[in-house]
**Q** 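Let me begin by handing over the structure; questions about it come next.
Atoms within a ligand are numbered from 1 in the order they appear, just like the ligands themselves. No hydrogens, no waters, no symmetry mates; every other heavy atom, side chains included, goes into these values.
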Amino acid sequence: MKFRILTLFPEQFIGFMETSIIGKAVEKNVIAIDTIQIRDYSKDKHRKVDDYPFGGGAGMVMAVQPLRDALKSIERVQNSRVIYMSPRGATLNHEKVVELAKLDELILVCGHYEGVDQRFIDAYVDEELSIGDYVLTGGELAAMVVIDSVSRMIDSVLNNNTSAEEESFAMDLLEYPQYTRPSEIDGAVVPEILMSGNHGEIAKWRYEQSILITKTRRPDLFEKYKNKPHEKSVLKLLKKYL
Ligand code: ADE
């Protein structure tokens with residue numbers, strides 16, 4: 001998967017793309033992350049990328065020309081999509097992450113100031129995407145959220161055996177609590193069952209914890225989970241919580 005980021009602040013991505021799981025995925029060439037400095041494509045003698053909004057109002061608007069030319073500088077692969085990070089877009093969720101992970105190239109456009117000239121969006125953007133109902137100072141953090149969540153869906157990015165598809169939001173259940181050594185610290189102990197070695201009972205306990213946490217914290221998710229088809233054994237456990 002190739003991620004291309006159109007941004008005025010490529011330096012924001014350095015730590016992100018060199019560290020931890022994303023850093024390893026880049027090193028292994030499972031993903032590629034390229035930043036493109038929009039300002040490099042400005043034809044203005046002062047390398048300006050923005051201008052005052054027609055109609056007046058506070059702030060500046062990113063102009064079409066540098067964005068268009070930065071985008072056109074990319075040698076696109078097939079199965080590619082241009083996404084503008086914006087609070088006006090549909091909110092990112094697990095289903096969208098899975099959908100995006102099937103593409104070969106994601107071009108993420110990061111806006112700043114009061115936004116981007118609508119004509120750039122109309123002509124070149126396939127989709128607008130938000131990461132939540134709040135406004136960031138720019139699209140860069142949002143783009144990193146997209147890259148991080150989409151990358152985890154790609155086989156061989158996560159270095160454990162559990163597929164990302166078996167996790168929390170894929171299952172519509174939140175994660176059960178986890179514990180590690182020591183078995184007691186500051187008077188707080190690990191639930192007995194986890195040290196029993198009885199894997200069947202442990203799986204059952206974890207499942208019930210997931211149900212309880214989801215039901216209390218995210219009744220909306222629990223409702224969705226309840227209405228999915230379940231195996232008989234699961235249904236028996238689930239019934240206790242309906
Ligand atoms: N840019 C500014 N705020 C944003 C948000 N919530 N999601 C995506 N991009 C943004």
**Q** Closest non-hydrogen protein atom to atom 10 (C) of ligand 1, residue and atom name please, with distance?
**A**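 Minimum-distance protein heavy atom for atom 10 (C) of ligand 1 reads Pro87 CD, 3.6 Å.
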
**Q** Rounded to the nearest 0.5 Å, what separation is found between the CE atom of Met62 and the CD atom of Glu114?
**A**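 So the gap between those two atoms works out to 12.5 Å.
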
**Q** Answer yes or no: are there more than 12 heavy-atom neighbours, outside Arg217 itself, under 6.0 Å from its atom CZ?
**A**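 For Arg217, atom CZ is not crowded (no more than 12 foreign heavy atoms under 6.0 Å).
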
**Q** Heavy atom of Leu92 under 4.0 Å from ligand 1?
**A**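 Not so, Leu92 does not reach ligand 1.
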
**Q** Between Ser130 and ligand 1, which part of the residue brings a heavy atom under 4.0 Å of the ligand: side chain, backbone, both or neither?
**A**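 The part of Ser130 near ligand 1 is both the backbone and the side chain.
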
**Q** If you link ILVMFWY side chains whenever their heavy atoms are less than 4.5 Å apart, which other residues fall into the same cluster as Phe54? By chain and number, please.
**A**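 Reading the cluster by chain and number, Phe54 sits alone, since nothing else belongs.
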
**Q** List the closest protein heavy-atom neighbour of atom 6 (N) of ligand 1: residue, atom name, distance to the nearest 0.1 Å.
**A**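 For atom 6 (N) of ligand 1, the nearest protein heavy atom comes out as Tyr134 O, 2.8 Å.
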
**Q** Quick test: of every protein heavy atom, which one is nearest to atom 9 (N) of ligand 1, and how far off is it to 0.1 Å?
**A**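 Checked against all protein heavy atoms, atom 9 (N) of ligand 1 sits closest to Ser86 N, 3.2 Å.
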
**Q** Among all protein heavy atoms in this structure, tell me which lies nearest to atom 3 (N) of ligand 1, with the distance rounded to 0.1 Å.
**A**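 Here the nearest protein heavy atom works out to Leu136 N, 3.0 Å.
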
**Q** Is there at least one pair of N or O atoms, one from Gly132 and one from ligand 1, spaced under 3.5 Å apart?
**A**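 Right, the criterion is met.
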
**Q** Among protein heavy atoms, which lies nearest atom 7 (N) of ligand 1, and at what distance?
**A**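 Among all protein heavy atoms, the one nearest atom 7 (N) of ligand 1 is Ile131 N, 3.0 Å.
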
**Q** Do you know the tightest heavy-atom contact between Ala90 and Leu129?
**A**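 Closest pair (atom of Ala90, atom of Leu129, distance): O-CD1, 3.5 Å.
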
**Q** Enumerate the atoms of ligand 1 whose separation from the nearest heavy atom of Ala142 is less than 4.0 angstrom.
**A**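 Those atoms are 8 (C), 9 (N).
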
**Q** Mind checking who shares a hydrophobic cluster with Val77, ILVMFWY linked at side-chain heavy-atom distances under 4.5 Å?
**A**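 Joined to Val77, directly or through intermediates: none.
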
**Q** Look at Lys2 together with Asp34 and state whether they make a salt bridge at an N to O cut-off of under 4.0 Å.
**A**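 So Lys2 does not pair with Asp34 through a salt bridge.
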
**Q** Which ligand 1 atoms does Leu129 reach within 4.0 Å, using its non-hydrogen atoms?
**A**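 In order of numbering, the contacting atoms are 8 (C).
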
**Q** For Tyr41 and Gln65, which I'm curious about, is there any donor-acceptor pair between the side chains at under 3.5 Å?
**A**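 Judged by distance alone, the side chains do not pair up.
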
